[in-house]
Amino acid sequence: MKEILFLEPVFTHNIWGGTKLRDEFGYPVEGDDIGECWGIAAHEHGDCSVKEGTYKGKTLSSLWTSNPELFGNYKSKRFPLLTKIIDAKADLSIQVHPDDAYASSHENGSYGKMECWYILDCKEDATIVIGHNAKTKEELADMIHGGRWKDFIREIPIRKGDFLQIDPGTVHAIKGGTLILESQQNSDITYRVYDYDRLSNGKPRELHIEQSIDVITVPAKEIGDSVRHTDDVPKNCMYELIACQYYRIFQMDVDGAMEFEQKYPFLLASVVEGSGTIDGHPVKKGDHMILCNGYGKATIEGQLKIIASTPV
């Protein structure tokens with residue numbers, strides 16, 4: 001039976017969060033510090049449940065265990081991917097993620113964190129932190145220990161519709177006024193290098209200086225290897241933005257109608273603009289869903305943008 005798993009998101013409140021997740025996406029969540037919507041997640045810090053249908057009320061992590069056939073019996077000890085929408089009202093901390101090997105040995109067997117960002121909205125003349133200017137590990141440690149943040153941090157311009165791949169070991173930070181969709185490995189391990197000396201509940205947030213120095217890649221990747229514009233993505237097709245060792249990411253800009261084949265182990269899909277239908281099911285901006293294994297041909301109609309991902 002062809003059934004789409006529509007998911008109930010989970011939300012986090014953050015020192016840098018805002019109100020766009022409620023104001024622009026219509027999510028029923030209170031507060032003016034809503035930082036993240038975990039739209040498709042099966043993690044101990046956020047486990048989405050199915051909204052309707054055969055599996056209504058079941059969490060994604062429990063379905064992963066009890067009904068592996070839905071996911072093509074994909075070989076992974078836990079659900080492999082996580083999709084978030086992030087609203088940065090203020091700057092996020094300067095941070096870095098470890099790879100699988102480091103996370104496994106230093107973080108109780110956790111996955112590392114490779115991720116990518118699709119810029120849903122940002123200010124005019126917006127920038128984002130990607131990479132750093134240190135040439136050697138010694139210079140890196142010297143810049144960090146000496147608090148030489150202006151020398152250390154590399155900022156680059158971004159605009160709406162940009163797509164950025166962030167490998168483990170990449171120094172990065174989202175700046176205030178930026179709204180992104182993040183597709184990532186199913187991990188929540190983040191090392192903070194610098195947090196602008198902000199206080200949370202009267203105290204500075206924990207930094208992870210030594211872990212950061214351990215895992216930051218030196219020298220950083222070239223700027224040109226980090227960002228791609230999506231202005232030229234063709235309409236009404238499943239356009240691949242990237243394929244790496246953990247995921248493939250697709251953009252679907254639907255104007256009228258399109259068909260595609262769900263031939264992957266399973267496909268995570270988030271509507272980030274507009275509204276329409278998928279095989280007759282109404283969908284709108286802010287909806288998150290999974291098309292399960294063996295789904296086959298799907299028809300999307302309407303005016304909408306979807307970002308989708310599948311594990312490799």
Does the [X] side chain pair with the main chain of [Y], one donor and one acceptor, at a distance under 3.5 Å?
X: Asn293; Y: Leu70; answer: no
X: Asp91; Y: Gly176; answer: yes
X: Asp47; Y: Glu44; answer: no
X: Thr277; Y: Asp279; answer: no
X: His132; Y: Ala134; answer: yes

Pair [X]-[Y], side-chain donor/acceptor within less than 3.5 Å:
X: Ser62; Y: Thr65; result: no
X: Asn236; Y: Glu259; result: no
X: Ser93; Y: Gln95; result: yes

Cationic N near anionic O, under 4.0 Å, [X] to [Y]:
X: Glu182; Y: Lys113; result: yes
X: Asp23; Y: Lys20; result: no
X: Arg205; Y: Asp195; result: yes
X: Arg228; Y: Asp162; result: no
X: Arg192; Y: Glu206; result: no
X: Glu124; Y: Arg159; result: no

Would you name the heavy atoms of [X] and [Y] that are closest together and state the gap between them?
X: Cys48; Y: Leu7; value: CB-CB, 4.2 Å
X: Thr83; Y: Ser270; value: CG2-OG, 3.5 Å
X: His43; Y: Leu82; value: CB-CD1, 4.4 Å
X: Ile300; Y: Met252; value: CD1-SD, 3.9 Å
X: Ser187; Y: Ser110; value: OG-OG, 3.7 Å
X: Pro168; Y: Met114; value: CD-CE, 3.6 Å

Is it the case that over 12 heavy atoms from other parts of the model lie below 6.0 angstrom from the [atom1] atom of [X]?
X: Lys123; atom1: NZ; result: no
X: Lys284; atom1: NZ; result: no
X: Glu222; atom1: CD; result: no
X: Asn73; atom1: CG; result: yes
X: Lys150; atom1: NZ; result: no

To the nearest 0.5 Å, how far apart are [atom1] in [X] and [atom2] in [Y]?
X: Asp87; Y: Leu21; atom1: CG; atom2: CG; value: 5.0 Å
X: Leu267; Y: Ser309; atom1: CG; atom2: OG; value: 7.0 Å
X: Tyr239; Y: Gln251; atom1: OH; atom2: CD; value: 8.5 Å
X: Ser104; Y: Asp99; atom1: OG; atom2: CG; value: 10.0 Å
X: Ser183; Y: Leu181; atom1: OG; atom2: CG; value: 5.0 Å
X: Lys56; Y: Thr54; atom1: NZ; atom2: OG1; value: 12.0 Å

Subject >> Evaluation steps, side-chain contact (heavy atoms from CB on, under 4.5 Å), between Ile242 and Tyr247 >> reply: CA-CA 8 Å; Ile242 195 167; Tyr247 48 69; 4.2 Å; yes
Side-chain heavy atoms under 4.5 angstrom apart, residues restricted to Ile, Leu, Val, Met, Phe, Trp, Tyr: same cluster for [X] and [Y]?
X: Tyr246; Y: Leu268; answer: yes
X: Val50; Y: Ile290; answer: yes
X: Val283; Y: Phe260; answer: yes
X: Met258; Y: Phe250; answer: yes
X: Ile306; Y: Val233; answer: no

Original post:
Which is it for Cys292 and Glu69 under the side-chain contact (heavy atoms from CB on, under 4.5 Å) test, yes or no, and what are the steps along the way?
Top reply: CA-CA 9 Å; Cys292 296; Glu69 73 284 353; over 6 Å; no
Original post:
Does the ring center of Tyr295 lie less than 6.0 Å from the ring center of Tyr264?
Top reply: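 Ring-ring flag for Tyr295/Tyr264: false, centres at least 6.0 Å apart.
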Original post:
Strictly under 6.0 Å, is that where the ring centroids of Phe163 and Trp117 end up?
Top reply: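 Ring-ring flag for Phe163/Trp117: false, centres at least 6.0 Å apart.
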Are [X] and [Y] packed together at the side-chain level, in the sense that at least one heavy-atom pair is separated by less than 4.5 angstrom?
X: His97; Y: His172; value: yes
X: Lys221; Y: Asp167; value: yes
X: Asp151; Y: Asn133; value: no
X: Ile15; Y: Leu199; value: no
X: Cys116; Y: Gln184; value: no
X: Ile85; Y: Ile180; value: no
X: Glu115; Y: Gln165; value: no
X: Leu63; Y: Phe71; value: yes

**OP:** Please lay out, stage by stage, how Ile4 and His281 fare under the test side-chain contact (heavy atoms from CB on, under 4.5 Å).
**Re:** CA-CA 9 Å; Ile4 299 173; His281 297 276; 3.9 Å; yes
**OP:** Go through the steps to decide whether Asp121 and Thr178 satisfy the test side-chain contact (heavy atoms from CB on, under 4.5 Å), and finish with yes or no.
**Re:** CA-CA 6 Å; Asp121 203 6; Thr178 310; over 6 Å; no
Review item, side-chain donor-acceptor pairs of residues 24-41, under 3.5 Å, at least two apart:
{"residue": "Tyr27", "atom": "OH", "partner": "Gly286", "partner atom": "O", "Å": "2.7"}
{"residue": "Tyr27", "atom": "OH", "partner": "His288", "partner atom": "NE2", "Å": "2.9"}
{"residue": "Asp33", "atom": "OD1", "partner": "His13", "partner atom": "ND1", "Å": "2.7"}
{"residue": "Glu36", "atom": "OE1", "partner": "Trp38", "partner atom": "NE1", "Å": "2.8"}
{"residue": "Glu36", "atom": "OE1", "partner": "Lys84", "partner atom": "NZ", "Å": "3.4"}

Subject >> ring pair (Phe, Tyr, Trp, His ring centres under 6.0 Å) partner of Phe79, the single match among Tyr74, Phe266, Tyr111 >> reply: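 Looking at Tyr74, Phe266, Tyr111, the match for Phe79 under the ring pair (Phe, Tyr, Trp, His ring centres under 6.0 Å) is Phe266.
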Original post:
Members other than Leu207 in its cluster, when Ile, Leu, Val, Met, Phe, Trp, Tyr link by side-chain heavy atoms under 4.5 Å?
Top reply: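 In the cluster with Leu207 are Ile94, Val96, Tyr102, Val129, Leu140, Met143, Ile144, Trp149, Phe152, Ile153, Val171, Ile189, Tyr191, Val193, Tyr194, Tyr196, Ile209, Ile213, Val215, Ile216, Val218.
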**OP:** Decide yes or no on salt bridge (charged side-chain N to carboxylate O under 4.0 Å, His left out) for Asp255 and Lys235, but give the supporting numbers first.
**Re:** CA-CA 7 Å; Asp255 181 10; Lys235 291 198 184 311; 5.3 Å; no
